[in-house]
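Each remark here refers to the structure printed beneath this line.
Note that these values count all heavy atoms, side chains included, but never hydrogens, waters or copies made by symmetry. First the proteins, then the strands, lettered A, B, ... as listed; each starts at 1. If you're wondering where the values come from, they're calculated on a predicted model, not measured in any experiment.
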There are 2 protein chains.
Amino acid sequence: MSKVKQGITAKDVAKLAGVSQSSVSRVYFEGATVSQKTREKVLAAAKELGYRPNEFARSLITNRTKIIGLVMKGVQNPFYPQVLKQFTTAFKKLGYSILFVYTNNDEIQKDDIDTLLNYNVAGVIITDATLSLQANEDLFNNRIPLVLFNRKIVGNKFFSVCCNNLEASKQIAQYLLKTGCSNMIYISGNENTSTSKEREKGFVTVLEENKVKYKKYISDYTYEGGYETIEEIVSQGKIPEAIFVANDIMALGVIDALKKHQISVPDEVKVVGFDNIEMSAWPSYSLTTWEQPINEMVKRTVDYLTAEINEYSGFTKNIEIDGRLIVRNSTYNS
Amino acid sequence: MSKVKQGITAKDVAKLAGVSQSSVSRVYFEGATVSQKTREKVLAAAKELGYRPNEFARSLITNRTKIIGLVMKGVQNPFYPQVLKQFTTAFKKLGYSILFVYTNNDEIQKDDIDTLLNYNVAGVIITDATLSLQANEDLFNNRIPLVLFNRKIVGNKFFSVCCNNLEASKQIAQYLLKTGCSNMIYISGNENTSTSKEREKGFVTVLEENKVKYKKYISDYTYEGGYETIEEIVSQGKIPEAIFVANDIMALGVIDALKKHQISVPDEVKVVGFDNIEMSAWPSYSLTTWEQPINEMVKRTVDYLTAEINEYSGFTKNIEIDGRLIVRNSTYNS
DNA sequence: CTGAAAGCGCTTACAG
DNA sequence: CTGAAAGCGCTTACAG
């Protein structure tokens, strides 16, 4: 335990600048008033000494931090690193840092949140998971605003930001109907996720209205899951005319498995994904998909959190943002 | 600014438990001695009140934190999310949290590091970038241990952890020679990176020893970069017998571009990548590549940092860990 | 083993 | 606009 004190404090700067420690503090505290002269003297002294205000002392008094806790599960799905990048960039501009928590749980538990509470984070984002009652209570009691990103919980007890999954999957069904398909399959993600449920619901609703046959296969939002589902479908000899896959990364597995069995996409089977991850545009896949409006989703999340940090209201709502269909070769032979 | 004090402090717990505030502190401070009776009384009271030690007050005194700063550039390359996941998991077990910094710079600047210094992080990892002199000086002056992960700077002034890029690329060259190729291309990543330089050097050294013709194309470690480089090569009519691509994500772009021009892999051109990202195993690519031993690389990084945190020595070394060649269909038609 | 007290480096009323 | 002083919630010598 040899860490030595850096030892340059506001006191040191004050001495060198010939002002009080309070004045030094005021220079670094947004909103405080200092004369131009004092400011200059302080900044000069600070620069000479290499002064840096201690965030911990600061937070101890203000009981506020400039840290946002970001809890993420699916780092394996390229959609989420993109989300991570955007959140980091957006919050950096606002002077916030990201405390990153990786989790394996579909439902965030108390101990995943504990770290964040210990650091008294200003806000929490959970990107692809929900959270346990206890975990939520801990956040609530500490008045820490929370956003569920790309997940929602039934009811209006959380602020969530998703794309409009229901409407999106309806439009996907309508698009596939228009291309003349009449025998379809839905491949789900993890069944307990709101995204998979809603994408199923929208899709199925339209198919049933149009009296079109469909079948559902349960998978898990991974490439391997998509791949193996096709193996199962092929082994049962139940190749449909179109497959709606609950996310892109699974859809890539679906396409690769179909290729392996020399089932032509889109001639024999049309495939539609969801997310518009970078890879869906790669020529090996050229996947028709639904673009999630990440920019807008991130913006809404950031706006809500900064507002709640500024003045806590506990306001909750399920925000849904429209995306758009991106047609590529997996449904349309150009 | 309506955030209300949670207000449950060691003092409150002390009152309820009928002990002094110091005793409460001792229960939560590892290494302090408390009697079993006191401990029980304190824990009971703490549980009743929902007490949680304030990390900021703690860090203010100890001048140490349980935070590791992780600076990452290439979140778009699937190699790095995997690295992020492993670091988060490893440090969580040790009670450390990750402060995540995303950067666009190949060379980390002072202001990227500033946040980390403000939070007095216990250690810093930079995964795919180097750092400016000033940034390094700031870390050094504050005795904050640093690891360059998957990058190194010439000389021995930093602790870096890489795979053995030189040896790996030599073996890749030897492997390609054995398959009978005699006219090769190296597609580089960003030219200022140590990884790209070393992979080039190892590859070229062996080719020159064997008097084999090669050409170098400069690219940028992205899928698009790989794709466009092939467009250039094709337009020049200079298709080689084998291409060594400095990382996998570029190699996928290379394969897709070759496919587009109906140049058969591996029959007409063999392709080798580097990293062994998940996608390289996907059947659409089946890319021969070099497996970076992420587990071991992460372990060595974590071991070094924890040792330096425990007792700072400033010790530096370039650690290089062996990987292995993974042969797939992009070089070998089974 | 335990308590009273000093102090970490700041912010923030309070006077002037 | 500025300074002296109190205090944020802890850890840590120091006595006992």
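Distance A:Gln36 CD to D:dT2 P: 11 Å, rounded to the nearest Å. With rounding to whole Å, B:Asn118 atom CG is found 11 Å from C:dC10 atom P. Between the P atom of C:dC10 and the CZ atom of A:Arg52 lies a distance of 12 Å, rounded to the nearest Å. A:Tyr28 has its OH atom 17 Å from the P atom of C:dT12, to the nearest Å. As rounded to whole Å, 13 Å separates atom P of C:dC8 from atom CG of A:Leu60. The interatomic distance linking A:Ile61 (CD1) with C:dA13 (P) rounds to 11 Å, in whole Å. Here the C1' atom of nucleotide D:dC8 and the CZ atom of A:Phe29 are 14 Å apart, to the nearest Å. In this structure, A:Ile8 places its CD1 atom 16 Å from C1' of C:dC8, rounding to the nearest Å.
Taking 4.0 Å as the cut-off between side-chain N and carboxylate O, A:Lys110 and A:Glu137 do not count as a salt-bridged pair. We find that B:Lys92 and A:Asp111 are not joined by a salt bridge, their nearest charged nitrogen and carboxylate oxygen being 4.0 Å or further apart. Under the 4.0 Å criterion applied to side-chain N and carboxylate O atoms, B:Lys73 and B:Asp106 are assigned as salt-bridge partners. Checked for salt-bridge contact, B:Glu55 and B:Arg58 meet the test: a charged N lies under 4.0 Å from a carboxylate O.
Note on A:Ser35: a side-chain N or O is less than 4.0 Å away from OP1 or OP2 of D:dT2. The side chain of A:Ser23 contributes an N or O atom lying less than 4.0 Å from OP1 or OP2 of D:dG3. Contact annotation: B:Ser22 side-chain N/O to C:dG3 OP1/OP2 distance is not under 4.0 Å. In terms of phosphate contacts, A:Arg58 brings a side-chain nitrogen or oxygen within less than 4.0 Å of OP1 or OP2 of C:dT11. Remark: A:Tyr51 is in phosphate contact with C:dC10, judged by side-chain N or O atoms under 4.0 Å from OP1 or OP2. Taking 4.0 angstrom as the limit, A:Thr9 places none of its side-chain polar atoms (N or O) nearer than this to OP1 or OP2 of C:dG9.
Base contact: B:Gln21 has a heavy atom under 4.0 Å from a base atom. No engagement by B:Val24 is indicated, since no non-hydrogen atom pair under 4.0 Å with the nucleic acid exists.
Between A:Phe315 and A:Tyr304, the angle of the ring planes lies from 30° to 60°, which puts this pair in the tilted group.
With a 3.5 Å ceiling on both atom-pair distances, D:dA4 lacks any Watson-Crick or G-U wobble partner.
Nearest-nucleotide positions on DNA chain C for B:Ala57 and B:Lys37 put B:Lys37 closer to the 5' end.
If you check C:dG3, D:dC1, C:dT11 against the side chain of B:Ser20, the one that comes closest is C:dG3. Comparing atom distances between the A:Ser25 side chain and each of C:dT2, D:dT12, C:dC10 picks out C:dC10 as nearest.
Side-chain to base pairing of B:Arg26 with C:dG3: one donor and one acceptor N or O lie within less than 3.5 Å of each other.
Side-chain contact between B:Phe91 and B:Ser97 is absent, with no heavy-atom pair separated by less than 4.5 Å.
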